[in-house]
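All values reported here derive from a predicted model rather than from experimental measurement. In what follows, residues are counted from 1 in the order of the sequence shown.
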Amino acid sequence: MSKKPLILVVNDDGITAPGIRTLIKIMNTIGDVVVVAPDSPQSGMGHAITVDSTLYVEKITIDDGPQNEYSCSGTPADCVKLGIREILKRTPDLCVSGINHGSNSSINVIYSGTMSAAIEAGIEGIPAIGFSLLDYNWGANFEHSQSFIKTITENTLKHGLPQGVVLNVNIPNVSKSKIKGIRVCRQAKANWVEKFDKRQSPMGKDYYWLAGKFVNLDQGEDTDEWALENNYVSVVPVQFDLTAYQSIKQINTWNLND
């Protein structure tokens, strides 16, 4: 009998979020599951880590599933670090992060705590996937995402991932019958056009709320934004080596040693 894979499950919406509860359920059908997730929402934390305060981890039970679960006071990246270094007895075969409540397509990958957890695992040499559903509602319906998540997970375990690469998976918020399939894509060139809503407290002190809108600047039909708009599950291989190799030769022409 083959040994079940060991799967580390993390997220950024908090350990009680419906998205991670669904992801745990799916992973329990594939392998042995250990959950290390934030004790409160950590959305938009990016790759922040805790360096100036203490971290706490508590073993908890939320449902009657076979998984082992730990609630962590830190960020998503902290959860991966603690999971690997302190909680797990061996290196996991896979790390999955999510299911995020809301999109992590295009430039959102930079800000995402969900994807940063996956990237942290990737840095450790662990195959990793971040899953997101395009529905920010806490009561989002994740049922239609399950078969796609299982397919992508099982293929990742079977084939592995290239060194230095993790997967960013986004799922359209439509019924399963409307999803046309899975497409491997590139990240769309898009950004947030931001503004700040300036207000004043009763004590006369200014404060700000970040606002803005997402603008897709990319007309390509090979992007994650195109795939999602056309009811495909998007899969973007993400590399965490940020070196712009194509620019090295040009910058080496600069007069930098005078």
*For residues 153-170, pull every pair meeting salt bridge (Lys or Arg N to Asp or Glu O under 4.0 Å), keeping only residues two or more places apart or in separate chains.*
none

*Under 4.5 Å between any side-chain heavy atoms of N104 and N168, yes or no?*
yes

*Keeping to residues at least two apart or across chains, list the salt bridge (Lys or Arg N to Asp or Glu O under 4.0 Å) pairs with something in residues 121-148.*
R85-E124

_Can you tell me if Q219 has over 12 outside heavy atoms packed within less than 6.0 Å of its CD?_
no

*Tell me, do L167 and V238 make a side-chain contact under 4.5 Å, heavy atoms counted?*
no

_Measuring from atom CD1 of I84 to atom CG of L8, what distance do you get when rounded to the nearest 0.5 angstrom?_
6.5 Å

_Side chains of P18 and W138 in contact at under 4.5 Å (non-hydrogen atoms)_ = yes

*Does the pair K4 and I30 meet the rule for a side-chain contact (heavy atoms from CB on, under 4.5 Å), with working shown?*
CA-CA 7 Å; K4 283 186 175 181; I30 299 173; over 6 Å; no

_Between V57 and L88, is there shared hydrophobic-cluster membership here, with clusters defined by ILVMFWY side-chain heavy atoms closer than 4.5 Å?_
yes

*Other hydrophobic cluster members with I49, side-chain heavy atoms of Ile/Leu/Val/Met/Phe/Trp/Tyr under 4.5 Å, chained?*
V51

*Not counting sequence neighbours, list each pair that qualifies as a salt bridge (Lys or Arg N to Asp or Glu O under 4.0 Å) and has a residue in residues 22-33.*
none

_Considering all heavy atoms, the nearest V36-V10 contact_ = O-CG1, 3.1 Å

*Student check: side-chain heavy atoms of E69 and I24 closer than 4.5 Å*: yes

*Are the side chain of T75 and the backbone N or O of D78 linked by a donor-acceptor pair below 3.5 Å?*
yes

*All salt bridge (Lys or Arg N to Asp or Glu O under 4.0 Å) counterparts of K198, not counting sequence neighbours*: D206

_Quick check: closest heavy atoms across G122 and A128, and the distance to 0.1 Å?_
N-CB, 4.3 Å

_If I take atom CG from residue L6 and atom CD1 from residue I126, how far apart are they, to the nearest 0.5 angstrom?_
9.0 Å

*So, T156 side chain and G160 main chain: donor-acceptor pair closer than 3.5 Å or not?*
no

_Among residues at least two apart in sequence or on other chains, which ones pass side-chain hydrogen bond (donor to acceptor under 3.5 Å, both in side chains) with Q246?_
none

*Who passes side-chain contact (heavy atoms from CB on, under 4.5 Å) against P172, sequence neighbours left out?*
V174, I179, L228, N231, V233

*May I ask whether I152 and I26 are part of the same hydrophobic cluster, defined by side-chain heavy atoms of I, L, V, M, F, W, Y residues being less than 4.5 angstrom apart, directly or through others?*
yes

_Measuring from atom OG of S106 to atom CH2 of W192, what distance do you get when rounded to the nearest 0.5 angstrom?_
10.0 Å

*Pairs in or reaching into residues 139-188: which pass ring-ring contact (aromatic ring centres under 6.0 Å, His included), with residues at least two apart or in two chains?*
H101-F142

*Considering non-hydrogen atoms only, spot the tightest contact between S97 and L23 and give its length.*
C-CD2, 3.9 Å

*asked:* In the structure I gave you, are the side-chain heavy atoms of V34 and I7 within less than 4.5 Å of one another anywhere?
replied: no

_Whether N252 side chain and K249 backbone form a donor-acceptor pair below 3.5 Å_ = no

_Path from Y111 to V169 over hydrophobic side-chain contacts below 4.5 Å_ = no

*Is the shortest side-chain N to carboxylate O distance from D197 to R199 below 4.0 Å?*
yes

*Just by distance, do the side chain of N216 and the backbone of A190 share a donor-acceptor pair under 3.5 Å?*
no

_Hydrogens and angles aside, do N28 and Q67 bring a side-chain donor and acceptor to less than 3.5 Å of each other?_
yes

*Calculate, to the nearest 0.5 Å, the distance between atoms CD1 and CD1 belonging to I20 and I99 respectively.*
9.5 Å

*Please examine the side chains of N100 and N11, heavy atoms only from C-beta on, and report whether any two atoms are closer than 4.5 Å.*
no

*Pairing residues for E225 by the salt bridge (Lys or Arg N to Asp or Glu O under 4.0 Å) criterion, not counting sequence neighbours*: none

*What pairs of residues pass the ring-ring contact (aromatic ring centres under 6.0 Å, His included) test when at least one of them lies in residues 27-84, not counting sequence neighbours?*
none

*Hey, are the side chains of V96 and M27 touching, using non-hydrogen atoms and a 4.5 Å cut-off?*
yes

*Under 4.5 Å between any side-chain heavy atoms of P38 and C72, yes or no?*
no

*Looking only at non-hydrogen atoms, find the nearest pair between D13 and A17 and report the distance.*
CB-CB, 3.7 Å

*asked:* Assess whether a salt bridge exists between E120 and K81, defined as any Lys/Arg side-chain N lying under 4.0 Å from an Asp/Glu carboxylate O.
replied: yes

*Distance-only, no hydrogens or angles: does the S112 side chain make a donor-acceptor pair with backbone N or O of N108 under 3.5 Å?*
no

*Where do S132 and G102 come nearest, in terms of heavy atoms and distance?*
CB-O, 3.3 Å

*Can you pull the ring-ring contact (aromatic ring centres under 6.0 Å, His included) pairs that have at least one residue in residues 227-258, sequence neighbours excluded?*
none

*Apply side-chain contact (heavy atoms from CB on, under 4.5 Å) to the pair K59 and N68, showing each step before the final yes or no.*
CA-CA 8 Å; K59 195 174 192 306; N68 289 311; 3.5 Å; yes

*Using a cut-off of 6.0 Å, state whether more than 12 heavy atoms not belonging to E229 lie near its atom CD.*
yes

_As an exercise, state the distance from CD1 of I110 to CG of L242, rounded to the nearest 0.5 Å._
7.0 Å

*From I15 CD1 over to S71 OG, what is the distance, rounded to the nearest 0.5 angstrom?*
5.0 Å

*Which residue pairs pass the salt bridge (Lys or Arg N to Asp or Glu O under 4.0 Å) test with at least one member in residues 177-191, sequence neighbours excluded?*
R186-D218, R186-D222

*Are V33 and I62 connected, step by step, through hydrophobic side chains (Ile, Leu, Val, Met, Phe, Trp, Tyr) whose heavy atoms are closer than 4.5 Å?*
yes

*Assess whether atom CD of Q163 is packed by more than 12 heavy atoms of other residues, nucleotides or ligands within 6.0 Å.*
no

*Within one Ile-Leu-Val-Met-Phe-Trp-Tyr cluster: V35 and V80, side-chain cutoff 4.5 Å*: no

_Closest approach of S145 to I171 (non-hydrogen atoms, all atoms of both residues)_ = CB-CD1, 3.5 Å

